[in-house]
K.L.:
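Have a look at this one before I ask anything.
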Amino acid sequence: MKKKVDAVIIGAGPAGMAAAVSLRENGIKNILLVDREPVAGGILQQCIHNGFGVHHFKEELTGPEYAERYIDQINKNKIDLWLDSCVIDIEKNQDDTKTVVVLSKERGINYINTKAVVLAMGCRERNRGNINIPGSRPAGIMTAGTAQKLVNIYGYLPGKEVVILGSGDIGLIMARRMTWEGANVKAVIELQSYPGGLNRNIVQCLNDFDIPLYLSHTISNISGNDRIEEVEVSPLDENFEAIKSKSFNLKCDTLLLSVGLIPENELSIKIGVKLDPVTRGAYVDKNLMTIVPGIFSCGNVLQVHDLVDFVSEEAKICGASVAKYINNKLEKSKEIPLQKRNLVRYVLPSKVEIGKPALLSLRPMHPAKNMTLTVKTNSSVELFKRKYKNIFPSIMLRINIDVVPEDTEFVEIKFEKE
Amino acid sequence: MIDKYDVIIIGAGVIGAAIARELSRYHLSVAVLEKEIDVSFGVSKANSGIIHGGFHAPPDTLKGKLVVPGNRKFDRLCEELDFPFERNGELMVAFSEDEISTLQFYYDRGKKNNVPYLEIIGKERLLELEPNLNPDVECALYAPSAGVICPYEYCFALIENAKQNGVNVITGEKVIELKKNAGIFEIKTEKNNKYSALYIVNAAGLFADEIARMVGITNFKIVPRKGEEYLLDRRVGKLVKRVIFPCPTKKSKGMLIIPTVDGPVMVGPTALDIEDKVDFSTTRDGLKTVFNHAQKLVPSIRSTDAITSFVGLRPAATSNYSIISKFFSIIKSFTGTKPEYIDGDFIIGRTTVSGFINAAGIQSPGLTASPIIAEHISDALLKDGLKLEKNPAFNPIRKRKVKHLRSILDEKNFSEVEKLVKENKKYSNLVCRCENVTEAEIVAAIKMGHTTLDGIKFATRAGTGRCQAGFCTTRILDLIHQETGIPVEQITKKGPGSEIVLTPLRKGRDG
């Protein structure tokens with residue numbers, strides 16, 4: 001089937017749904033939202049714990065409840081939503097439109113001609129192969145997200161004696177979830193000297209259940225032929241090498257991995273979008289447009305967020321930009337580079353606009369105390385300054401900077417010790 | 001009740017499978033017994049998939065004699081059995097004067113083995129053929145006749161064709177007792193099933209020595225030689241077009257760079273003799289070794305591009321004599337004499353026990369030689385008195401039940417996709433999207449009897465991509481359950497003991 005639309009939004013998770021609603025609010029009616037799952041909502045549907053929406057809806061919702069709010073708006077606005085549908089290709093056309101090829105369970109193969117594309121595919125979890133844990137290859141090793149889906153959606157417990165590698169939020173949430181379902185979570189092992197997840201999850205998911213957290217440790221071997229039987233846990237030296245003489249073994253039948261998320265940008269690469277090697281998300285301008293005109297990116301496929309509320313907010317901004325692009329009203333303004341310095345792991349967007357204020361998101365390289373974050377122009381005009389008692393890589397900072405003055409060549413952002 | 005056969009083949013790896021198909025040409029009752037839950041689950045599953053040119057093995061060995069004739073068979077085999085095969089060639093590269101003389105040595109050896117179109121090519125042409133190679137490379141030995149296949153797809157194709165032609169394949173059937181009684185072999189399996197046969201073919205891979213010992217043959221031992229391999233993300237692309245070898249050392253062919261027939265690049269394997277026949281563990285050292293060596297050949301290879309790793313165990317045969325001489329050569333090395341490495345040759349053919357035929361110690365280039373090994377085995381059976389009468393109904397053609405969507409998408413042939421979807425709606429349901437595998441392919445694999453996650457992975461590639469089954473595991477569990485009725489908690493990764501989930505928490509969605 002052939003179809004012509006103004007925008008295709010790829011992924012109907014929190015980012016895609018918010019972008020679609022925002023496009024609609026900005027007067028763009030002919031849009032198509034596609035998702036490969038049989039229901040909209042993305043990963044929210046398996047996150048049955050609460051704590052979502054505190055910023056955005058001013059109340060504590062579960063994941064499915066948060067998703068439902070947006071699904072209602074999608075339905076109310078009669079936004080065309082294709083489920084069980086996977087984008088298999090995107091091509092640029094001569095007239096700057098794009099052709100998105102969608103393979104859909106109900107509709108077969110479809111060619112969608114569109115003015116704009118919103119990439120909102122989210123993330124996948126890093127897995128064993130990505131971090132090369134040595135040892136045998138038995139059953140019982142899976143990502144925390146797969147386990148979450150098995151427990152919360154399918155109603156199956158993957159195992160009863162559990163070790164979790166990585167203290168990312170999904171891992172912490174699953175430590176509590178597995179405990180509630182009667183499993184014995186023996187330990188959470190973290191490579192870094194600080195936890196990967198939010199502090200509230202450390203307290204509520206580990207401390208409240210007396211689950212030990214081993215910082216600066218790793219799993220140095222896996223044994224068991226059919227099913228995993230044991231992991232070897234080793235402390236790490238300053239070069240992140242396992243100190244085997246100090247290792248100890250934990251018996252288990254399940255190993256869950258919560259070792260980071262990778263934006264799913266394979267489709268983006270196909271059409272020439274350039275990625276930031278640090279975030280593994282696209283390089284975008286302040287309109288969240290990638291280097292390919294007409295292709296935008298928002299949500300976790302752009303940068304891994306801590307809170308879904310900020311995903312929705314980012315997608316809303318993105319939707320507004322896309323609407324302007326479709327109406328040929330996206331201003332061509334002068335953009336200058338935003339350079340990261342001392343301790344700033346990444347900052348997004350990578351460029352700011354002369355004569356405008358900007359909203360920046362950033363993360364530090366590692367935890368630190370009593371730091372001052374400053375944003376200055378090359379002629380030392382201060383655009384932002386704030387003191388932080390503590391900074392953590394697990395907490396994304398979002399800041400509003402002042403109007404960037406004329407004649408600025410670049411802006412730099414850095415942390416400094418007080 | 002005892003199941004009686006003319007021939008029982010023990011082991012359904014590529015060798016057992018090739019023999020089964022070969023014997024299905026004749027009027028015979030043949031069974032294959034496999035201890036694993038699926039075929040190709042032993043040694044074969046970790047095979048590198050290379051159809052060798054044939055310059056590595058010495059001409060006076062079975063390996064050297066069978067490799068080139070085996071290689072020649074693959075064009076026809078691929079046509080008959082419909083498995084992917086690409087004659088992309090192999091290159092052995094040299095970086096120093098010493099290594100150049102090694103190339104010359106292997107060139108001469110290759111000539112003796114009748115390797116066609118073999119040549120030594122200079123730096124300029126080499127870098128033209130393979131621009132991603134380390135620019136310090138001097139020259140290379142080039143065998144354009146080499147190729148790559150998917151080892152399990154080859155094995156599945158052979159087995160399916162053998163079954164079509166009447167061979168009985170029984171999986172999950174481990175032989176624990178084998179004896180010859182009044183000219184008839186009697187088998188008892190772990191499940192306490194009994195079989196009898198006039199002839200036995202021992203294709204038991206790592207356990208071939210143990211099977212042979214059951215009938216009193218003790219003159220060889222199988223030593224597992226462990227190899228670690230690492231698979232890179234498809235995104236990296238085909239860094240090389242041909243299989244790249246370094247110059248070999250005394251111990252192994254070295255770490256290779258293999259552009260697999262399915263697309264992604266594989267690097268490895270290491271080579272380490274071990275004791276344990278079920279030690280499939282990767283190691284930190286293995287990882288470092290593989291990538292250090294691979295980067296010497298192709299500097300842009302990164303260990304961070306690895307999406308998974310696995311271990312294969314090569315069944316290296318050593319005669320008891322050679323174990324002793326190897327021991328002595330180690331002592332000699334301490335006294336300053338260079339130890340001579342004794343490489344185990346294939347052990348193929350008749351034995352001191354009439355009717356018991358060995359196909360043992362089949363390591364590299366065993367995959368390449370497999371079609372010829374199968375012919376040798378049928379000859380040996382003939383010599384041991386088996387009547388081989390052609391079966392006129394033998395059909396050499398096996399067609400893949402369903403096409404792989406992935407290869408069609410790679411060519412951006414969307415009209416072909418449209419056609420497929422029209423024929424079978426299940427083609428429009430993408431289950432594994434890292435490798436673009438549809439419900440049509442997975443259901444077909446389940447119907448062919450692959451009912452474990454690994455079985456489906458080998459048959460369709462679902463779960464082999466960059467997310468390593470993170471997203472598709474639950475979908476595949478659903479499909480296996482739907483098609484077979486096996487309760488989800490009984491579905492395994494690779495056989496009993498490797499269940500994916502332990503307990504249903506509440507009544508399932510069906511209940």
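Keep in mind that this is a model prediction, so the values were computed, not measured. Below, each value reflects all heavy atoms present in this structure, side chains not excepted, and no hydrogens, waters or symmetry copies. Convention: sequence-line order gives letters A, B, ...; per-chain numbering from 1.
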K.L.:
Among A/Lys149, A/Arg128, A/Lys270, A/Arg126, which has the most heavy-atom pairs under 4.5 Å with chain B?
P.N.:
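Max contact count across the listed options: A/Lys149.
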K.L.:
With a 4.5 angstrom heavy-atom cut-off, which part of A/Glu266 approaches chain B: side chain, backbone, both or neither?
P.N.:
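Looking at A/Glu266, just its side chain touches chain B.
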K.L.:
Check whether A/Glu37 gets within reach of chain B through its side chain, its backbone, both or neither, counting any heavy atom under 4.5 Å.
P.N.:
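Both backbone and side chain.
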K.L.:
Ignoring hydrogens and angles, state whether a donor on the side chain of A/Asn132 or B/Tyr230 is under 3.5 Å from an acceptor on the partner side chain.
P.N.:
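No - no donor-acceptor pair under 3.5 Å links their side chains.
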K.L.:
So what's closer than 4.5 Å to chain A heavy atoms on B/Phe280: side chain, backbone, both or neither?
P.N.:
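For B/Phe280, the contact with chain A is made by the backbone alone.
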K.L.:
Only pairs of heavy atoms separated by less than 4.5 Å count here; which of A/Ile109, A/Thr146, A/Thr254, A/Asn221 has the most with chain B?
P.N.:
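Greatest number of close heavy-atom pairs with chain B: A/Ile109.
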K.L.:
Measure distances from A/Lys160 to the heavy atoms of chain B and classify the residue's part below 4.5 Å as side chain, backbone, both or neither.
P.N.:
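Both backbone and side chain.
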K.L.:
Which heavy atom of B/Met266 sits nearest to which heavy atom of B/Thr260, and what is that distance?
P.N.:
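Scanning both residues completely, I find the closest heavy atoms to be CB-CG2, 3.9 Å.
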K.L.:
Are the side chains of B/Glu441 and B/Arg406 in touch, meaning some heavy atoms are under 4.5 Å apart?
P.N.:
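Of all side-chain heavy-atom pairs linking B/Arg406 with B/Glu441, none is under 4.5 Å.
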K.L.:
If we define contacts as heavy-atom pairs under 4.5 Å, which of B/Cys467, B/Pro496, B/Gly286, B/Ser303 has the most with chain A?
P.N.:
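The residue among B/Cys467, B/Pro496, B/Gly286, B/Ser303 with the greatest pair count is B/Cys467.
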K.L.:
Salt-bridged, B/Lys422 to B/Glu418, with N to O below 4.0 Å?
P.N.:
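No, B/Lys422 and B/Glu418 are not salt-bridged.
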K.L.:
Would you say NZ of A/Lys274 has more than 12 non-hydrogen atoms from neighbouring residues, nucleotides or ligands within 6.0 angstrom?
P.N.:
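Not buried by this count: 12 neighbours or fewer within 6.0 Å.
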K.L.:
Counting only non-hydrogen atoms closer than 4.5 Å, does B/Leu405 touch chain A with its backbone (N, CA, C, O), its side chain (CB onward), both, or neither?
P.N.:
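Side chain only.
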K.L.:
How about B/Gln468 and A/Asn127: does a side-chain donor come under 3.5 Å of a side-chain acceptor?
P.N.:
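No, no side-chain donor-acceptor pair sits under 3.5 Å.
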K.L.:
Do other residues, nucleotides or ligands put more than 12 heavy atoms under 6.0 Å from the NZ atom of B/Lys419?
P.N.:
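No - once you tally the heavy atoms of other residues, nucleotides and ligands closer than 6.0 Å, there are 12 at most.
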K.L.:
Please, which pairs that meet side chain to side chain donor-acceptor pair (under 3.5 Å) have at least one residue in residues 492-503 of chain B, sequence neighbours excluded?
P.N.:
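Output for this query lists B/Asp454-B/Lys493.
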K.L.:
List the residues meeting side-chain contact (heavy atoms from CB on, under 4.5 Å) with B/Asp279, not counting sequence neighbours, and say none if there are none.
P.N.:
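For B/Asp279 the side-chain contact (heavy atoms from CB on, under 4.5 Å) partners, ignoring immediate neighbours, are B/Lys226, B/Ile274, B/Asp276, B/Ser281.
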K.L.:
List for me each residue that meets side-chain contact (heavy atoms from CB on, under 4.5 Å) alongside A/Val273, sequence neighbours excluded, and say none if there are none.
P.N.:
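Expected list: A/Leu119, A/Ser268, A/Ile271, A/Leu275, A/Ala282, A/Thr290, A/Val292, A/Ile295.
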K.L.:
Non-hydrogen contacts under 4.5 angstrom with chain B: give the residues of residues 135-143 of chain A involved, or none if there are none.
P.N.:
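Within residues 135-143 of chain A, the residues under 4.5 Å from chain B are A/Gly135, A/Ser136, A/Arg137, A/Pro138, A/Ala139, A/Met142.
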K.L.:
If you count heavy-atom pairs under 4.5 Å with chain A, which of B/Val421, B/Asn436, B/Asn429 comes out on top?
P.N.:
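Among B/Val421, B/Asn436, B/Asn429, the one with the most close pairs to chain A is B/Asn429.
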K.L.:
Any idea which heavy atoms bring B/Ser40 and B/Lys45 closest together, and the distance?
P.N.:
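Looking at all heavy atoms of both residues, the shortest contact is O-CB, 3.0 Å.
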K.L.:
What part of B/Leu453 lies closer than 4.5 angstrom to a heavy atom of chain A: side chain, backbone, both or neither?
P.N.:
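Looking at B/Leu453, nothing touches chain A.
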K.L.:
Heavy-atom cut-off 4.5 Å, strictly under: side chain, backbone, both or neither for A/Leu103 against chain B?
P.N.:
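For A/Leu103, the contact with chain B is made by backbone and side chain together.
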K.L.:
Counting only heavy atoms closer than 4.5 Å, note whether A/Asp89 contacts chain B via side chain, backbone, both or neither.
P.N.:
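Side chain only.
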K.L.:
Just give me the residue among A/Ser223, A/Ser104, A/Cys86 that pairs up with chain B most often, heavy atom to heavy atom, under 4.5 Å.
P.N.:
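Looking at each of A/Ser223, A/Ser104, A/Cys86 in turn, A/Ser104 comes out on top.
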K.L.:
If you count heavy-atom pairs within less than 4.5 Å of chain A, which of B/Arg234, B/Glu489, B/Arg475, B/Arg466 leads?
P.N.:
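Of the options given, most contacts go to B/Arg466.
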K.L.:
Could you check which of A/Leu257, A/Asp84, A/Ile88 has the highest count of heavy-atom pairs closer than 4.5 Å to chain B?
P.N.:
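Highest number of pairs under 4.5 Å: A/Ile88.
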K.L.:
Heavy-atom count check: over 12 atoms from other residues, nucleotides or ligands less than 6.0 Å from B/Lys412 NZ?
P.N.:
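Atom NZ in B/Lys412 is packed in, count exceeds 12.
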K.L.:
With only heavy atoms counted, which part of B/Arg433 is less than 4.5 Å from chain A, the side chain, the backbone, both or neither?
P.N.:
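Side chain only.
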K.L.:
Got more than 12 heavy atoms from elsewhere within 6.0 Å of NE2, A/His49?
P.N.:
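Yes, because the 6.0 Å sphere around NE2 of A/His49 holds more than 12 heavy atoms from other groups.
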K.L.:
Between B/Val402 and B/Tyr427, is there a side-chain heavy-atom distance shorter than 4.5 Å?
P.N.:
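A side-chain contact exists here, since the closest heavy-atom pair is under 4.5 Å.
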K.L.:
Would you find more than 12 non-hydrogen atoms of other residues, nucleotides or ligands less than 6.0 Å from B/Arg284 atom CZ?
P.N.:
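No, not enclosed.
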K.L.:
Quick one: what part of A/Glu91 sits under 4.5 Å from any heavy atom of chain B, side chain, backbone, both or neither?
P.N.:
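Just its side chain gets close to chain B.
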K.L.:
Is chain A contacted by the side chain of B/Ser415, its backbone, both, or neither, given a heavy-atom distance below 4.5 Å?
P.N.:
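Interface part for B/Ser415: backbone (N, CA, C, O).
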K.L.:
Which atoms of A/Ile133 are under 4.5 Å from chain B, going by heavy atoms: the side chain, the backbone, both sets, or neither?
P.N.:
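Only the backbone of A/Ile133 comes within 4.5 Å of chain B.
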